[in-house]
Amino acid sequence: MDVEARKDAAPARGKAVRRLLVALNCGMLALGAVGGPLLSRLYFSKGGHRQWLSAWLETAGWPLLLLPVAASYAARRARDGRGAPALLAPPRILLAAAGLGVATGVDDFIYAYGLSYLPVSTSAILIATQLAFTVLFAFLVVRQRLSAATVNAVALLTVGAVVLGLHVSGDRPRGVTRGQYWLGFALTLGAAALYGLVLPLVELAYRRAAAGGGRAVTYALVIEVQLVMGFFATAFCTVGMIVNKDFQAIPREAKNFELGEARYYTVLVWAAVLWQFFFLGAVGVIFCVHTLLAGILIAVFIPVTEVASVIFLHEKFSSEKGVALVLSLWGLASYSYGEWSEARAKKKTAEAAAEAQAP
């Protein structure tokens with residue numbers, strides 16, 4: 001009887017751990033999706049003007065992942081002895097992660113460069129298109145099924161983000177030429193499309209690891225993949241910073257920062273930490289659920305970031321931002337209800353099948 005009780009408890013513990021991982025990664029994604037752009041915006045608004053540095057900060061927090069990776073290896077070493085593998089990810093998955101890391105570095109740079117020429121509201125509209133690209137590429141790359149609730153959520157979130165741009169005056173930012181404006185428009189749209197492709201490619205890498213890697217896809221493997229992606233993304237941006245001589249310019253820029261030199265470095269450090277939360281949370285959500293949820297959550301936090309900018313950066317709160325926030329929360333509720341309904345239907349089907357097989 002005790003043995004049967006332990007067997008029944010094992011699946012329950014597995015579900016509890018999975019729910020905890022989902023909550024943890026959604027929380028990290030929320031902190032990163034709101035805090036990362038907020039600090040990047042603070043950097044540019046208070047005297048920062050280096051796009052390569054802004055892009056570099058988005059991935060420079062990858063060393064934070066060395067501790068959990070080392071702890072995972074130590075646990076395997078204690079369990080399996082010297083024969084324990086240093087990394088769980090197969091070589092071909094690590095190679096794919098390296099390529100995705102370079103793509104992420106490119107995306108970070110064109111995102112930062114494009115936004116330096118655009119108003120905030122215009123950039124929000126363009127960033128919102130990432131969700132449409134994510135849905136398209138998730139369908140093409142990983143054959144993600146689209147339910148009615150998912151399509152409804154995508155429509156609501158996209159409309160909510162587009163509403164943010166309704167208060168645009170049509171004027172370009174001061175000092176930005178017409179050519180620079182349209183360059184920023186094209187680059188930001190390209191960044192949205194590229195990251196919309198990266199997300200399903202990460203999910204595809206997980207599936208390939210499970211199919212041919214010979215090892216189970218665990219959360220420890222997810223962290224290893226993000227570590228490799230972060231390293232190569234940072235390496236790409238580091239080359240750009242060296243060529244642009246941004247490292248030498250940091251002390252000069254810090255002295256001229258409106259909030260003071262000490263707060264300049266505080267902004268940089270916390271921006272790196274929160275952006276790392278964003279990327280780790282995104283790949284974690286993909287691992288625990290799927291690509292579409294990651295894309296939907298990112299879209300949800302676009303208007304939340306606008307509200308946070310009103311609170312912390314004292315930007316003006318318009319009626320369009322309020323409408324966008326309501327639509328975004330409505331979209332998230334629609335998606336959540338669809339997932340709950342689908343899980344409930346699967347549970348009933350499984351129970352009916354079990355009853356039919358019972359003697």
Side-chain angles (χ1 to χ4, degrees), residues 28-67 100-118 120 123-124 127 130 184 187-188 190-192 194-195 198 223 226-283 298 301-302 305 308-309 312-313:
M28 287 193 295
L29 183 57
L31 286 173
V34 177
L38 202 65
L39 288 178
S40 294
R41 188 173 304 170
L42 179 64
Y43 164 76
F44 282 116
S45 66
K46 300 300 181 180
H49 59 274
R50 297 193 171 273
Q51 294 92 346
W52 275 113
L53 175 58
S54 178
W56 185 80
L57 291 173
E58 294 183 26
T59 58
W62 66 267
L64 295 172
L65 303 179
L66 289 173
L67 183 59
L100 289 172
V102 173
T104 301
V106 173
D107 181 74
D108 291 340
F109 173 68
I110 60 178
Y111 170 83
Y113 201 93
L115 292 185
S116 66
Y117 292 139
L118 294 177
V120 171
S123 69
I127 293 169
Q130 175 185 304
L187 289 175
T188 308
L194 180 55
Y195 199 65
V198 167
I223 295 178
Q226 178 56 32
L227 175 67
V228 174
M229 289 177 60
F231 173 82
F232 279 92
T234 305
F236 174 83
C237 294
T238 299
V239 172
M241 287 190 66
I242 292 173
V243 172
N244 204 43
K245 298 182 179 180
D246 281 352
F247 286 111
Q248 297 93 317
I250 288 177
R252 297 194 302 270
E253 191 171 73
K255 291 180 180 179
N256 297 323
F257 197 60
E258 292 181 20
L259 299 180
E261 188 172 355
R263 290 185 179 180
Y264 173 84
Y265 291 109
T266 300
V267 168
L268 297 191
V269 171
W270 277 106
V273 171
L274 290 174
W275 275 116
Q276 190 57 50
F277 280 1
F278 170 81
F279 287 110
L280 181 58
V283 298
I298 292 171
F301 295 124
I302 290 175
T305 303
S309 68
F312 296 106
L313 300 182

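At a threshold of 4.5 Å between non-hydrogen side-chain atoms, the residues Leu29 and Phe278 count as touching. Between Val106 and Leu194 there is a side-chain heavy-atom pair separated by less than 4.5 Å. Proximity of Leu65 to Gln276: side-chain heavy atoms (C-beta onward) are separated by under 4.5 Å at one or more points. Counting heavy atoms from C-beta outward, Met229 and Trp62 have side chains that stay 4.5 Å or more apart. Counting heavy atoms from C-beta on, the side chains of Phe109 and Ser54 never come closer than 4.5 Å. Under the 4.5 Å side-chain criterion, counting only non-hydrogen atoms from C-beta, Phe247 is in contact with Thr238.
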*Does the side-chain contact (heavy atoms from CB on, under 4.5 Å) test come out yes or no for Leu42 and Leu259, once each step is laid out?*
CA-CA 10 Å; Leu42 179 64; Leu259 299 180; 4.0 Å; yes
*Check against side chain to side chain donor-acceptor pair (under 3.5 Å), Trp275 and Thr59*: CA-CA 7 Å; Trp275 275 116; Thr59 58; over 6 Å; no
*Could you check Leu268 against Phe257 for side-chain contact (heavy atoms from CB on, under 4.5 Å), going step by step and ending with a plain yes or no?*
CA-CA 12 Å; Leu268 297 191; Phe257 197 60; over 6 Å; no
*Should Leu39 and Tyr43 be marked as a side-chain contact (heavy atoms from CB on, under 4.5 Å) after you check the CA-CA gap, both sets of side-chain angles, and the distance that decides it?*
CA-CA 6 Å; Leu39 288 178; Tyr43 164 76; over 6 Å; no
*asked:* If you apply the rule side-chain contact (heavy atoms from CB on, under 4.5 Å), what do you find for Tyr264 with Asn256, and how did you get there?
replied: CA-CA 9 Å; Tyr264 173 84; Asn256 297 323; over 6 Å; no
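Here the closest heavy-atom approach between residue Leu187 and residue Ile110 is recorded as CB-O, 3.8 Å. In terms of heavy-atom proximity, Phe44 sits nearest to Arg50 at CE2-N, 4.1 Å.
Judged purely by atom type and a 3.5 angstrom limit, Glu253 uses its side chain to pair as donor or acceptor with the backbone of His49. Looking at Glu261, its side chain never comes within 3.5 Å of a backbone N or O of Lys255 through a donor-acceptor pair.
With rounding to the nearest 0.5 Å, the separation of CH2 in Trp270 from CG in Leu38 is 13.5 Å. Taken to the nearest 0.5 Å, the CG atom of Leu227 stands 14.0 Å off from the CZ atom of Phe279.
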